[in-house]
Amino acid sequence: MNYWLMKSEPCTFGLSHLQQAPHQTSFWDGVRNYQARNFMRDNMKLGDLAFFYHSNCQTPGIVAIIEIDKTAYPDATAWDPNSKYYDPKSTLENPRWVGVDVRLKQAFSNPISLAALRQQPALDTMLILRRGNRLSITPVTPLEWETVLTLQTEVL
DNA sequence: GCCAACGTTGGC
DNA sequence: GCCAACGTTGGC
């Protein structure tokens with residue numbers, strides 16, 4: 001099993017959207033970066049766990065744990081001319097972009113802020129904390145995963 | 001709103 | 001294949 005961190009702007013798709021989705025499950029669409037796509041397409045397995053990270057908002061940070069509910073399949077928003085994710089180079093025969101289904105596993109009652117993550121020396125290696133990193137999907141090591149969990153004081 | 005850092009594009 | 005220009009990201 002693998003661990004991941006998946007980043008989203010809460011005004012576009014945040015924890016509240018996922019909580020209100022049927023079965024608290026949603027297609028993770030709109031990824032338009034090849035490296036992030038390759039992680040989803042090639043490495044994400046059913047049952048993998050990911051941190052749900054809110055970016056570009058008042059308090060950036062990890063707000064929940066989500067689980068990969070369905071492995072990668074074509075992202076239909078790339079075919080929709082009315083979508084802001086439209087990409088004319090993605091065809092039905094040769095889809096360029098993919099997404100996965102994610103299911104909410106645990107919403108943190110106390111989200112772990114970016115500032116709190118930065119205070120942890122053990123998390124220096126986390127890609128999300130690396131200077132200039134912009135990848136919306138990044139792998140997380142088991143050690144990093146456990147370290148983040150220890151910061152989550154609220155148990156259930 | 002600012003700006004550093006990065007990815008993508010396209011001319012050559 | 002190089003690289004300048006441009007667009008985007010995202011913390012602050």
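If you're wondering where the values come from, they're calculated on a predicted model, not measured in any experiment. A, B, ... follow the sequence lines: proteins, then strands. Residue 1 opens every chain.
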*Could you pull out all residues at least two apart from A:Lys105 that satisfy salt bridge (charged side-chain N to carboxylate O under 4.0 Å, His left out)?*
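A:Lys105 satisfies salt bridge (charged side-chain N to carboxylate O under 4.0 Å, His left out) with A:Glu67 only.
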
*Applying ring-ring contact (aromatic ring centres under 6.0 Å, His included), name anything that partners A:Phe27, two or more places apart in sequence or on another chain.*
A:Tyr73

Only counting residues at least two apart or in another chain, list the ones meeting side chain to side chain donor-acceptor pair (under 3.5 Å) with [X].
{"X": "A:Asn38", "result": "A:Arg41"}
{"X": "A:Tyr34", "result": "A:Arg96"}
{"X": "A:Trp145", "result": "none"}
{"X": "A:Asp69", "result": "A:Arg103"}

*So which pairs with a foot in residues 113-127 of chain A pass side-chain hydrogen bond (donor to acceptor under 3.5 Å, both in side chains), sequence neighbours left out?*
A:Thr125-A:Glu144

*First and last nucleotide of DNA chain C touching chain A, 5' to 3', heavy-atom cut-off 4.0 Å?*
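Span of nucleotides near chain A: C:dG7 to C:dC12.
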
*What residues in residues 52-63 of chain A put a non-hydrogen atom under 4.0 Å from any atom of DNA chain C?*
A:Tyr53, A:Ser55, A:Asn56, A:Pro60

